[in-house]
Structures are given as C-alpha cells and as structure tokens.
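We're numbering straight along the sequence, starting at 1.
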Amino acid sequence: MTPDTANTLNVTGLLAVAKAAAAAGAGVLGERSNGALDSGTVTNKGEAGDWVTAFDVAAEEAVRTAIRSARPDDVITGEEHGTTRPEKPTGLRWSIDPLDGTTNFIRNIVYYATSVAVADSDGVWLAGVVHAPALGRVYYASRGHGAWLEQDGKRVQLTGPVPGRAGQILATGFSYDPEVRAEQAAALGGFMDGFADVRRLGSAALDLCMVADGTHDAFGERGLNEHDFAAGALVAEEAGCWVRRPRLTSPLEGGPSAEERLSAWTCAGTLEISGKFPL
C-alpha cells in the first residue's frame, strides 16, 4: 500500500471529503438560471455536441479546492484541468467530473451532476459521490459500506434492480463521433433482446446510479472516460449490482487513447444480464 495506509483504509473519512467536494461543485451548477445559457458561457470541445461551459470550469475549481483543503497531498485528475500532482503524493487519487451531462445542463434538462471518486494506489475505488442538484439527489458509496441515496431529507440504502422483472429497461449512450454512433445504433437491436425499452438520459454517472436505485435494469455504454464512471460504478457495485469497468490506461500514464476508450465498455445491472454486453 501507500505511505497513507491509515487514511486509505478510512473510507468513511474519504467519503466525507467526497461529499463535501461534490456539494461544492453542485453548488456552482445550482447557480444557473432557468433560461438558456448565452454564447459567452458555452464553447465546443471539438466534436459536435461535446460542450464545455463556464460552469464546468468553475465547478471543477470548487471541487478541487474542497479536496485540496482536506487532502492537500492527494493527486487529482479532472475533466477540465487535467492532473495535479503534489510534491509528496499520498498514493490516493481523485477522479472528478464537475459536470456530467453538460448538454443537458445547457438545455436545462435535469439529468446532470457533479461526480467525485477516490482510488488507492492499486486503483481500487474507495468512495464516490454523484450529486445531482436539479434532481435534489445525492448518491454515494464507500467500499464495504453499501450505496445510499439522500433526497428530500431522507436516506435510503440502494439494492439494485429487481432480478427478472417484466418490462426491463436498458440505459445507454452514444458517441459524438458520427462513425462510432452509427456502429452503436446498428448494434442496439441485438442488445435490446429481452428488454422492453431503452433510455438515453445523457449522464453516465446518473445512469449507473439509477441502476443502483433500481430505476434502470441495466446500463451499457462504450467510449466513456474514467471520470464519467468512477463514482457511479462504485455506487452500483456497492448496491449489489454486477459492474464492469473498462480497463483503461491511467490518466497518470497519459491515457487512455481515443481508440482505447472508444473500444471499451462500462456496464452495470443484475448478474443475469451480464452476458448481453461484449467483452
């Protein structure tokens, strides 16, 4: 393990930091008005439909500030500001997505969230939080302590979807790249065998959490980045779901490449449907 073994094992303390950091990011997102965002606050990352807003940047800084104030010697990797390495790192690493579901956010669709997760030096995810301000939901989990939802002042433990229920729903997403999207659309019919319907909400972090709370029966999507699934996958896993994370080259090693990312699947659901997704 790392020089920070004691803190690594204190997942309750790490979860508290993750909750505070996610709340800080979600607080920034909650400042948007109900109207359309003006062109001065929205730019394109390069692919059609892949947007970044001033809120993404401000929310990530709020998340980073909260983590640094509590854990100044941990590494942080984030969607907008890359990797921050302290002089004497502990071995813990935070993976943050300040605004998962940016297109939804721009159009005032409620499915967006701040996602914060932390892993040890072996890449084991220890704590994760997905804070969705427009939904009033905070999903969270710490390794070995279950998955939970806080909403309307209530705290509920999550236990995943009901196995074998009728009318099962598959959640998925599609790439911004037209060629990849065409491949995904062509394959969708095969994945739909046994499912009654499909949903595409636009936030992988929330899709994974909604498998954990039983809203979706399964989620499968290729092409995600680590910060998209880090917290949500832990929530689903701690809810008792079968979860497959992609084996991507770490951001600390300059990865993943676009080709690596686009070929890899992130999946969650009941064990009975695990065979529906490609290896």
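- Ion pairing of Arg93 with Glu226 is present here, as a side-chain N (NZ or NE/NH1/NH2) and a carboxylate O approach within less than 4.0 Å.
- At most 12 heavy atoms of other shown residues, nucleotides or ligands fall within 6.0 angstrom of atom CZ in Arg107.
- When side chains are defined from C-beta on, Trp242 counts as touching Ser274, because their heavy atoms get closer than 4.5 Å.
- Relative to the ring axis of Phe191, Lys276 does not place its NZ or CZ within 45° and under 6.0 Å from the centre.
- Leu92 places none of its side-chain heavy atoms less than 4.5 Å from the side chain of Val75.
- Using a 4.0 Å cut-off between charged side-chain N and carboxylate O, Glu60 and Arg64 make a salt bridge.
- Using a cut-off of 4.0 Å between Lys/Arg side-chain N and Asp/Glu carboxylate O, Arg247 and Glu260 are scored as not salt-bridged.
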Intermediate values then yes/no, salt bridge (charged side-chain N to carboxylate O under 4.0 Å, His left out), Glu61 and Arg68: CA-CA 10 Å; Glu61 186 52 45; Arg68 286 194 300 261; 2.7 Å; yes
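- Within the cation-pi definition used here (under 6.0 Å to the ring centroid, within 45° of the axis), Arg222 does not qualify as a partner of Trp265.
- Here Asp73 does not pair with Arg71 in a salt bridge; the nearest charged N to carboxylate O distance is not below 4.0 Å.
- Crowding of Asp197 atom CG: a count of heavy atoms from other residues, nucleotides or ligands under 6.0 Å exceeding 12.
- Transitive grouping of hydrophobic side chains (ILVMFWY, heavy atoms separated by less than 4.5 Å) brings Val124 and Val11 into a common cluster.
- Taking CG of Leu252 as the reference point, atom OG1 of Thr249 lies at 11.5 Å (rounded to 0.5 Å).
- There is no path of hydrophobic side-chain contacts, each under 4.5 Å, that joins Val243 to Ile169.
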